[in-house]
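Scroll down for the structure; my scribbles are underneath it.
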Number of protein chains: 2
Amino acid sequence: MTRSTPLTASPQAPRRRRLRADAVAGPTLAEVAARAGVSEITVSRVMRGAGNVSKATAARVMEAVRETGYVRNRLAGSLAGHRSNQIGVLLPSLGNIVFPDVLNGIEDGLEAAGFHPVLGITHYRPEREEHLLASLLAWRPAGLIVTGTRHTAPARAMLGAAGVPVVEVMDVDTAPVDMAVGISHRAAGAAMAQHLLARGYRRFGYVGHDLTADERAAQRRDGFRAALAEAGMDAPVECLSGTPSSVGAGREALARLLEGAAPQAVFFSNDDMATGGVFHCLAAGIDLPSGLAIAGFNGLEIGQQLPRPLTTIGSRRRDIGRTAAGMILARLAGEAPAPVADVGFTLIPGATA
Amino acid sequence: MTRSTPLTASPQAPRRRRLRADAVAGPTLAEVAARAGVSEITVSRVMRGAGNVSKATAARVMEAVRETGYVRNRLAGSLAGHRSNQIGVLLPSLGNIVFPDVLNGIEDGLEAAGFHPVLGITHYRPEREEHLLASLLAWRPAGLIVTGTRHTAPARAMLGAAGVPVVEVMDVDTAPVDMAVGISHRAAGAAMAQHLLARGYRRFGYVGHDLTADERAAQRRDGFRAALAEAGMDAPVECLSGTPSSVGAGREALARLLEGAAPQAVFFSNDDMATGGVFHCLAAGIDLPSGLAIAGFNGLEIGQQLPRPLTTIGSRRRDIGRTAAGMILARLAGEAPAPVADVGFTLIPGATA
DNA sequence: AACGATGGTGACAGCGCTGTCATCCTGCGA
DNA sequence: TCGCAGGATGACAGCGCTGTCACCATCGTT
């Protein structure tokens, strides 16, 4: 460990063999063991809660730990024991609340078992995911949580060869490398199409953000279009903003869409975009849903607090995170959870469509 | 490292000395070195980019790395080299976009230098922070980023004794354990009071969420109240919701506040709450700002996309995160950055006050 | 011609811990 | 009384890597 300011300067470097040179590196098992009058391995067992230590000995050890201020070194422990409590987590973005929600669920699930997430943000770039993956793997994590099923070939190879549980989160439309948890985004898109059709709408629009990066949004759109086609509808008029999703982007994109078309109902790539759409209608004096119906995706709180609650689909992001953590932990415990967990989505009727 | 499914079963456990028993643990430096016809230390140098290796040798080594599929083991490296590339990060919540923004900045700053954040969420509970800190410290992180300046005594002791750079983020009102980056929340609250006073408002209200947990929101409120008092104003009428901040909580709290009082301008604990306030006004037919002025804090995108852009204070959260990462890295590079970095805030006039 | 400076390479000894087996003790059934 | 199961404890040998010297070959300098 690099130290910014050595607390103690070694007065004169002894020739060779400078056991605990830094003097600041803190006590080791050996010191605690000496103090407690037991062997190192016994202290190790106490620290790990590994059995076969008498109550009395354990108490003496804990006392010595307290006196010395011993801090367990998991670097050494993991190296020797071939087991870590770190889980590599790769998410595409923290730009809206969706992935933080997932991460929150992951942290929650892991923390309860004493595991830590080690985080990387890919910015929706597969090469960056590959790079981060290689870097995380050097830490020999006990498991990996990555986003989606689109990976570079080397990344896929690394995931396969890592020899640890891997969960791909968000999306269960494609066969996973190892395990997956999420929902079918195609089905979600289709479900919204069916809902809007059932409400009587017949002329549709779609407003999206940069779909080349966000493949799940693309799948929702595909599902939406396919379901409309199947019902014999015309293809929706579309406006894609090409930027990351945001309220502003949704607002502008809807405005542009309405310049050239007059759909009855517009499906947005997500709730941020849809909220922007609602704001445009508010500003333009378009009544919801009589003047225009709007639907989103995610079931964010903001959407439900709008003047009229947003018609949307709840995506249970926290559950996805927590389930992902649970699947990893189950595998580490020797269980064999079902490889694919579909947490399901909920259509929230709202009042904008 | 625990493996879910051993790829190869060891046919018969050799007596003692089972070098590379798992057979799945992947190649080591020794194997790469043998293949490249150099010593282990040379391979190590190539992998680390530590100098003094000829181009030709390095190329041979890289070739051997590729052939063997060698993955560097940082567990062993960190143990032997006393240096890690992991930074412990403790945040209170990922429930709204504020801390994800900070985390995003942190990840950004760290990733560029090849460092990884190891995350813990405290849920605004100091004991949980203490617990997580102890757990993270076992990994001998190269640095620590924690939130705010309120810690339990043991936590404070651990931070002091960790012997690594520590940055406390968000808040620069209190003297840091080591370094701090953020803004003065007192000053921000006062700045908003002055802004509202300058706009001619004289009767004030305050709407907040659970301030016992969120001490920075409490500081903004204090600064707001102090500045009003100094200007000879009556203390603001207040409504505190006691729940975590949310749009819905802001909406309800404002409604309750207006039942018993008629302030001209209301300062909200943050933009989520203020957005709720705006929605209440929208629903109740209260014109902004003539019927009521509303001000928030954070400068979230949603606030700026409301029918009337929200009067608020930009809090530069990403910058805070990036600066925190930069301060840690600077210290690790042997520099001595200023211990306190005030990134400053910006009053965004908006149109709701 | 002798010199130190520099660049390239390697031997060695751990870093601090845990897996594995061996050992010792105690109590209990035959 | 003896043997033995099972709990408690310890010795030993690494886990895979890097810090620290040591060494050798150039190479330019005086």
Side-chain angles (χ1 to χ4, degrees), chain A residues 1-2 10 13-22 24-34 36-61 68 70-85 138-140, chain B residues 1-2 10 13-22 24-34 36-61 68 70-85 138-140:
Chain A
M1 202 164 38
T2 302
S10 37
R15 292 273 105 213
R16 291 285 168 115
R17 179 66 185 157
R18 344 140 287 131
L19 184 64
R20 330 272 354 286
D22 267 347
V24 71
T28 65
L29 270 193
E31 272 138 272
V32 177
V38 297
S39 68
E40 296 184 33
I41 190 71
T42 298
V43 179
S44 170
R45 287 187 183 121
V46 173
M47 294 306 294
R48 286 179 286 156
N52 277 10
V53 180
S54 73
K55 285 245 194 291
T57 309
R60 272 215 322 289
V61 167
T68 54
Y70 172 72
V71 176
R72 186 175 170 190
N73 185 335
R74 300 202 75 130
L75 246 32
S78 291
L79 180 61
H82 308 284
R83 75 185 72 251
S84 157
N85 71 345
W139 282 101
R140 301 294 189 267
Chain B
M1 201 164 40
T2 304
S10 38
R15 291 275 104 214
R16 290 286 165 114
R17 179 64 184 158
R18 346 139 285 134
L19 182 65
R20 329 275 354 286
D22 268 348
V24 72
T28 66
L29 270 194
E31 273 138 272
V32 177
V38 297
S39 68
E40 295 184 33
I41 190 69
T42 297
V43 178
S44 172
R45 287 188 183 120
V46 173
M47 293 308 292
R48 288 179 287 155
N52 276 11
V53 179
S54 72
K55 286 245 193 291
T57 309
R60 270 214 327 287
V61 168
T68 54
Y70 172 73
V71 176
R72 186 174 170 190
N73 186 335
R74 300 203 75 129
L75 247 31
S78 292
L79 179 62
H82 308 282
R83 76 185 72 250
S84 157
N85 70 346
W139 282 102
R140 301 294 190 268

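FYI, side chains are in, hydrogens and waters are out, and symmetry mates aren't considered; it's all heavy atoms of this structure.
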If you look only at distance, which donor and acceptor atoms sit under 3.5 Å apart when one is on a side chain in residues 50-59 of chain A and the other is two or more places apart or in another chain?
residue	atom	partner	partner atom	Å
A/Ser54	OG	A/Thr57	N	3.2
A/Ser54	OG	A/Thr57	OG1	2.7

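- The side chain of B/Ala76 lies closest to D/dC17, out of D/dG19, D/dC17, C/dC17.
- OP1 or OP2 of C/dG19 sits under 4.0 Å from a side-chain N or O of A/Arg83.
- B/Arg48 places its CZ atom 17 Å from the P atom of D/dG16, with the value rounded to the nearest Å.
- The rotation axes computed at either terminus of the helix from C/dA1-D/dT30 to C/dA30-D/dT1 lie 40° apart, taking five pairs at each end and rounding to 10 degrees.
- Residues satisfying the side chain to side chain donor-acceptor pair (under 3.5 Å) criterion with B/Thr68, sequence neighbours excluded, are absent altogether.
- Following rounding to the nearest Å, A/Leu79 (CG) and C/dC17 (P) show an atom-to-atom distance of 12 Å.
- Atom CZ of A/Arg74 and atom P of C/dG16 are 17 Å apart (whole Å).
- Partners of A/Ala34 under the side chain to side chain contact (heavy atoms under 4.5 Å, CB included) rule, at least two apart in sequence or in another chain, do not exist in this structure.
- Atom P of nucleotide C/dG16 and atom CD of A/Glu31 are separated by 9 Å, given to the nearest angstrom.
- Rounded to whole angstrom, the span from the CZ atom of A/Arg72 across to the C1' atom of C/dC15 amounts to 17 Å.
- Spacing between atom CG of A/Leu75 and atom P of C/dC17 amounts to 10 Å, rounded to whole angstrom units.
- Remark: C1' of D/dC17 and CG of B/Asn73 are 7 Å apart, rounded to the nearest angstrom.
- Scanning all heavy atoms of the two residues, the minimum distance from B/Val61 to B/Val32 falls at O-CG1, 4.2 Å.
- When the C1' atom of D/dC17 is taken as reference, atom CG of B/Asn85 falls 14 Å away, rounded to whole Å.
- Of the possible polar contacts, none joining the B/Ser84 side chain to the B/Ser78 backbone as a donor-acceptor pair under 3.5 Å is found.
- The side chain to side chain contact (heavy atoms under 4.5 Å, CB included) test applied to B/Ala80 returns no partner, not counting sequence neighbours.
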Protein N or O to nucleotides 6-10 of chain C N or O, pairs below 3.5 Å:
residue	atom	partner	partner atom	Å
C/dT9	OP1	B/Ser54	OG	3.4
C/dT9	OP1	B/Thr57	OG1	2.5
C/dT9	OP2	B/Ser54	N	2.9
C/dT9	OP2	B/Ser54	OG	3.4
C/dT9	OP2	B/Thr57	OG1	3.2
C/dG10	OP2	B/Ser39	N	2.9
C/dG10	OP2	B/Ser39	OG	3.0
C/dG10	OP2	B/Thr42	OG1	2.6
C/dG10	O5'	B/Ser39	OG	3.4
C/dG10	N7	B/Arg45	NH1	3.3
C/dG10	O6	B/Arg45	NH2	2.7

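- Distance check: A/Leu29 CG to A/Met47 CE gives 8.0 Å after rounding to the nearest 0.5 Å.
- Residues A/Arg60 and A/Gly37 come closest through the heavy atom pair NH2-O, 4.0 Å.
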For a quick test of your reading: what N or O donor-acceptor pairs under 3.5 Å do the side chains of residues 70-77 of chain B make, sequence neighbours left out?
residue	atom	partner	partner atom	Å
B/Asn73	OD1	B/Leu75	N	2.8
B/Asn73	OD1	B/Ala76	N	3.2

